[in-house]
Amino acid sequence: VLSRDGKVLSFNKSAGKLLSCSLELGEHFITLLPFSEGKDAVLSSLKGEDGEAVFTVKGRVIELSAYHSGSGAVVLMRDISEKSERDRMRREFTANVSHELKTPITTIMGFSELMKDSSLPSDKVVEFSAEINKEALRLKDTVSDIISLSSLDEGKLGEKKNINLSSSVKEEVDKLKNKAQQMEVTVKWEVDPALTVRGWERTLSEVLSNLLDNAIRYNRKGGEVFIKGERAGKDAKITVSDTGIGIPEEAISRIFERFYRVDKSRSRESGGTGLGLSIVKNGVERMEGSVKAESRLGKGTTFIVKLPLGRES
Ligand code: ADP
């Protein structure tokens, strides 16, 4: 609370903390504000017109609202760092989504334009339609990953259930059997048949399928994937290991970010969207579990997922 001439009449502990200084009664408040935006807002409130400003103090984003009150002013400050980080991430995501959607659309437009030419030889027609089909599939995969992520973000997933892990793993392995065969990768699994986890079937299926799909796609010819499911204390521990290309140490901390790829062209060529691991991390965390990756370049990668055990009825 400020007097008519802008001196501090009263304050709470957080005010000093937010401004990273030791506030004293009787001090001129505006001299403590780091940026002119804040000073202007406070000065205008003292003159009778409410003011607002946003500024940064030691890396924290502060939103200041100054209201004229009596003969002085009341200044409210809020630390909005988390909110502004969320907003930044949302803006970045939107920009990335637009880019990821635009690239295949541009290719589809280019090839379909060429195909309008009636004198195009039939082998070119076949080649261009294959390109169009590939890009359309990429669009479909990207859109369905975005939908998965946004339903995880929304958090409307319904009631959690006990899910038998071994059946879920078997189902996902069956779905990707052909892909593994095409890539000449052997998939083996071993899951305690009595093991259940607490969560949502669809989310668990997305977690397992993304990890397994990556373990196959980033593998080598003749390589192996091994999935293990066991009890580890209060958790179910799922390990997905492969004998593939591995991940460089400096990239490990970034692979769970949306649209991050170590090798863009390999990801694209193999049908990646750049969203698989962010779906895994988001899904696992929604189920109150954790995920981490360990890798040796050129040797292989292991993802370790921990999920709460199913409840006993
Ligand atoms: P993508 O669709 O590109 O595979 P993901 O989010 O699933 O996207 O993975 C992010 C990146 O992490 C991949 O582009 C790849 O570089 C790396 N990656 C993920 N899983 C593996 C793996 N099992 N082995 C090697 N690299 C991997």
Side-chain angles (χ1 to χ4, degrees), residues 89 92-93 96-97 99-104 134-153 169 172-173 175-176 179-180 182-189 203-229 237-286 289-305:
M89 282 171 68
E92 190 181 289
F93 182 61
N96 280 332
V97 165
H99 175 75
E100 295 289 334
L101 297 181
K102 217 171 152 189
T103 314
K134 197 170 99 191
E135 295 301 317
L137 285 176
R138 186 199 310 290
L139 268 180
K140 185 191 106 221
D141 288 345
T142 306
V143 170
S144 68
D145 276 359
I146 292 169
I147 293 172
S148 298
L149 261 182
S150 80
S151 55
L152 283 168
D153 283 345
V169 169
E172 299 310 324
V173 172
K175 278 191 220 160
L176 287 166
K179 191 167 198 168
Q182 276 165 20
M183 306 277 300
E184 296 177 33
V185 170
T186 316
V187 180
K188 292 182 181 155
W189 58 279
T203 311
L204 180 67
S205 146
E206 284 174 348
V207 167
L208 295 173
S209 73
N210 277 304
L211 290 176
L212 182 56
D213 186 65
N214 283 351
I216 296 170
R217 279 192 297 121
Y218 297 106
N219 221 312
R220 56 176 166 78
K221 266 196 178 164
E224 274 188 21
V225 176
F226 185 59
I227 309 170
K228 193 171 169 63
K237 180 176 164 193
I238 309 158
T239 321
V240 181
S241 341
D242 64 61
T243 54
I245 58 171
I247 301 167
E249 207 182 322
E250 65 279 8
I252 288 267
S253 61
R254 301 204 55 196
I255 53 172
F256 295 102
E257 288 174 20
R258 297 177 182 192
F259 294 117
Y260 178 82
R261 296 144 163 138
V262 177
D263 177 345
K264 247 194 167 122
S265 60
R266 175 153 185 159
S267 160
R268 278 178 191 283
E269 273 315 302
S270 62
T273 63
L275 290 173
L277 287 182
S278 51
I279 294 176
V280 169
K281 187 168 167 68
N282 216 324
V284 164
E285 286 177 356
R286 287 265 161 202
S290 64
V291 56
K292 64 174 181 176
E294 290 167 0
S295 188
R296 282 179 62 204
L297 206 55
K299 297 266 184 242
T301 306
T302 299
F303 283 88
I304 300 159
V305 172

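Counting starts at 1 for both ligands and their atoms, in listed order. All values below come from the heavy atoms of this structure, side chains included, with hydrogens, waters and symmetry mates left out. In this text, all values refer to a predicted model and were calculated from it rather than measured experimentally.
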Numbered atoms and elements of ligand 1 in range of [X], under 4.0 angstrom, heavy atoms:
{"X": "G276", "result": "5 (P), 6 (O), 7 (O)"}
{"X": "V262", "result": "14 (O), 16 (O)"}
{"X": "L275", "result": "6 (O), 8 (O)"}
{"X": "R261", "result": "3 (O), 14 (O)"}
{"X": "T273", "result": "2 (O)"}

What I'd like to find out is whether the side chain of T302 reaches to under 4.5 Å of the side chain of V240, using heavy atoms alone.
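In short, these two side chains do not touch, never coming nearer than 4.5 Å.
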
If we only count N/O pairs under 3.5 Å, is G272 in contact with ligand 1?
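The answer is no, given that G272 and ligand 1 share no N or O pair closer than 3.5 Å.
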
Could you walk me through whether E269 and R266 pass the salt bridge (charged side-chain N to carboxylate O under 4.0 Å, His left out) check?
CA-CA 5 Å; E269 273 315 302; R266 175 153 185 159; over 6 Å; no

Sort and list the pairs that fulfil ring-ring contact (aromatic ring centres under 6.0 Å, His included) and have at least one residue in residues 206-226, not counting sequence neighbours.
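For residues 206-226, and leaving out neighbouring residues, there are no ring-ring contact (aromatic ring centres under 6.0 Å, His included) pairs at all.
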
How close does the nearest protein non-hydrogen atom get to [atom], and which residue and atom is it?
{"atom": "atom 12 (O) of ligand 1", "answer": "I255 CG2, 3.5 Å"}
{"atom": "atom 5 (P) of ligand 1", "answer": "L277 N, 3.5 Å"}
{"atom": "atom 26 (N) of ligand 1", "answer": "I247 CG1, 3.3 Å"}
{"atom": "atom 3 (O) of ligand 1", "answer": "S267 OG, 2.6 Å"}
{"atom": "atom 10 (C) of ligand 1", "answer": "Y260 O, 3.3 Å"}

If you count the non-hydrogen atoms of other residues, nucleotides and ligands that lie under 6.0 Å from NZ in K292, is the total more than 12?
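Check fails, neighbour count at 12 or below.
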
Determine, using heavy atoms of [X] and all atoms of ligand 1, whether some pair is separated by less than 4.0 Å.
{"X": "T301", "answer": "yes"}
{"X": "G274", "answer": "yes"}
{"X": "R258", "answer": "no"}

Whether the [X] and [Y] side chains hold a donor-acceptor pair (N or O, under 3.5 Å, no angle test) is what I'd like checked.
{"X": "D145", "Y": "T273", "value": "yes"}
{"X": "D153", "Y": "S151", "value": "no"}
{"X": "S290", "Y": "E285", "value": "no"}
{"X": "S148", "Y": "E206", "value": "yes"}

Would a distance-only check, ignoring hydrogens and angles, find a side-chain to backbone donor-acceptor pair under 3.5 Å from N219 to E224?
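Indeed, once roles are kept as given, a pair shorter than 3.5 Å links the two residues.
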
Quick check against the 3.5 Å criterion: does R220 have a side-chain atom that pairs as donor or acceptor with the backbone of T243?
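Flag set: sc R220 to bb T243 pair under 3.5 Å.
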
Using a 4.0 Å heavy-atom threshold (strictly under), name the region of R217 that reaches ligand 1: side chain, backbone, both or neither.
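Side chain only.
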
Pick one of side chain, backbone, both or neither for how D242 approaches ligand 1, counting any non-hydrogen atom pair under 4.0 Å.
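Near ligand 1, D242 shows its side chain, while the N, CA, C and O stay back.
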
Answer yes when E100 and R268 have at least one side-chain N-carboxylate O distance shorter than 4.0 Å, and no when they do not.
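Looking at R268 together with E100, the answer is yes, because their closest N to O distance falls below 4.0 Å.
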
Out of L297, I279, N214, who gets a non-hydrogen atom closest to atom 7 (O) of ligand 1?
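Nearest heavy atom to atom 7 (O) of ligand 1 lies in N214.
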
Identity of the nearest option to atom 25 (C) of ligand 1, non-hydrogen atoms only, from F256, F303, Y218
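Ranked by closest heavy atom to atom 25 (C) of ligand 1, first place is Y218.
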
